[in-house]
Amino acid sequence: MVGLLVALLALALAYFALLDGWYLVRVPCAVLRARLLQPRVRDLLAEQRYAGRVMPSDLDLLLHMNNARYLREADVARAAHLTRCGVLGALRALGARAVLAASCARYRRSLRLLEPFEVRTRLLGWDDRAFYLEARFISLRDGFLCALLRSRQHVLGTSPERVVQHLCKRRVEPPELPKDLQHWIAYNETSSQLLRAESGLDDAVKDQ
């Protein structure tokens, strides 16, 4: 019995030492909770909320939530969001997938130890290759917008238009993207062109 406990402890230590343990647990749990315990969200553009709290493991040397944790929390909230609105299911049905191709973050005020917050995620729109999402980190102490993240989810194996059509059973025109997001998309396209030229790659190689 003691040997079994030691082996389990060693396995747990190896899991958390060698793998990003909590992340590999939290994302599947968020997806399962969204699929099994929460109601389906029919409006693709509706905002969804994911609650969180700053834990000691989230802190940096200045004792506030470190930069990388915002990206991680946004990732978990985004997985739950895309599950509830049906996008993940539609991607699976079409034999496709979506990968994070770009993101940007604005940090406006620190989140402190044990401070409760919400990640408010919404789909801003899509183009012929990607979905664009926004995540707002709202402090539940005073409602202040502490951080704003934008992300580009590149769709592989199909197109965003087909995903939306699969969900809505009809063709849907994408909403007009916010002006600041359009500027960010243009920046990413220019950066991609420069990097492809620098690497000697073309679009066909990039999309493989």
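Just so we're clear, the structure is a prediction, and the values are computed from it rather than from any experiment. For the single chain, residues carry numbers from 1 onward in sequence order.
Once rounded to the nearest 0.5 Å, the distance linking OG1 of T190 with CG of L195 reads 11.0 Å. For the atom pair C146 SG and E118 CD, the distance stands at 12.0 Å (nearest 0.5 Å). Rounding to the nearest 0.5 Å places CD of Q38 at 9.5 Å from OG1 of T83. Expressed to the nearest 0.5 Å, how far CH2 of W126 lies from CD of E161 amounts to 9.0 Å. Residue M65 holds its CE atom at 5.0 Å from CZ of F137, rounded to the nearest 0.5 Å. Taking CD of E47 as the reference point, atom CZ of R136 lies at 7.5 Å (rounded to 0.5 Å).
L32 and L91 fall into different hydrophobic clusters, where Ile, Leu, Val, Met, Phe, Trp and Tyr are joined by side-chain heavy atoms under 4.5 Å apart, directly or via other members. Following chains of ILVMFWY side-chain contacts shorter than 4.5 Å, one cannot reach L148 starting from L140, and the two form parts of different hydrophobic clusters. There is no path of hydrophobic side-chain contacts, each under 4.5 Å, that joins L156 to L94. Under the 4.5 Å side-chain heavy-atom criterion for Ile, Leu, Val, Met, Phe, Trp and Tyr, L145 and Y50 are members of distinct hydrophobic clusters. The hydrophobic cluster containing L111 does not contain F144, counting ILVMFWY residues as joined when their side-chain heavy atoms lie under 4.5 angstrom apart, directly or transitively.
Within 6.0 Å of the CZ atom in R40, the count of heavy atoms belonging to other residues, nucleotides or ligands exceeds 12. Around CZ of R120, the count of heavy atoms belonging to other residues, nucleotides or ligands within 6.0 Å exceeds 12. Around the CD atom of E176, the shell of radius 6.0 Å holds no more than 12 heavy atoms that belong to other residues, nucleotides or ligands. Within a 6.0 Å radius of CZ in R141, other residues, nucleotides and ligands contribute more than 12 heavy atoms. Within 6.0 Å of CZ on R109 lie more than 12 heavy atoms contributed by other residues, nucleotides or ligands.
Looking only at atom types and distance, the side chain of H64 has a donor-acceptor partner in the side chain of S110 under 3.5 Å away.
Relative ring orientation between F16 and W22 is described as tilted, the plane-to-plane angle lying within the 30° to 60° band.
A heavy-atom distance below 4.5 Å is found between the side chains of R150 and D180. Two residues are said to be in side-chain contact when any heavy atoms from C-beta on lie closer than 4.5 Å; L4 and L8 meet this criterion. Proximity of V25 to Y15: side-chain heavy atoms (C-beta onward) are separated by under 4.5 Å at one or more points. Contact annotation: the side chain of R78 approaches that of L100 to within less than 4.5 Å [non-hydrogen atoms, C-beta and beyond]. Looking at heavy atoms from C-beta onward, V2 lies in side-chain contact with V6 at the 4.5 angstrom threshold.
Closest non-hydrogen pair, P160 versus D128, comes out as CD-O, 3.5 Å. Smallest separation of non-hydrogen atoms from G86 and L167: O-CD2, 3.4 Å. Across all non-hydrogen atoms, the minimal contact from L62 to D60 is N-OD1, 2.9 Å. Considering all non-hydrogen atoms of both residues, A34 and A80 come closest at CB-O, 3.7 Å.
S191 places no side-chain N or O within 3.5 Å of a backbone atom of Y187 that could act as its donor or acceptor partner. Checked by atom type and distance alone, the side chain of R108 never pairs as donor or acceptor with a backbone atom of A147 at under 3.5 Å. A donor-acceptor distance shorter than 3.5 angstrom exists from the side chain of Q182 to the backbone of L177, with no hydrogens or angles considered. No side-chain donor-acceptor contact under 3.5 Å links R129 to the backbone of H154.
Each of L123, V41, L82 was checked for a side-chain contact (heavy atoms from CB on, under 4.5 Å) with Q48, and the lone residue meeting it is V41. Of the candidates T121, L124, L149, T121 is the only one forming a side-chain contact (heavy atoms from CB on, under 4.5 Å) with L133.
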Please list every donor-acceptor pair under 3.5 Å in which a side-chain atom of residues 51-59 meets a protein atom from a residue at least two apart or in another chain.
from: R53; atom 1: NH1; to: L114; atom 2: O; distance (Å): 2.7
from: D58; atom 1: OD1; to: R69; atom 2: NE; distance (Å): 3.3
from: D58; atom 1: OD2; to: M55; atom 2: N; distance (Å): 2.8

- Query: So R72 and D75, salt bridge (charged side-chain N to carboxylate O under 4.0 Å, His left out) or not? Walk me through it.
  - Reply: CA-CA 5 Å; R72 171 173 293 191; D75 202 28; over 6 Å; no
- CA sep, side-chain torsions, deciding dist, call: D127, Y132, side-chain contact (heavy atoms from CB on, under 4.5 Å): CA-CA 8 Å; D127 56 22; Y132 298 93; 2.6 Å; yes
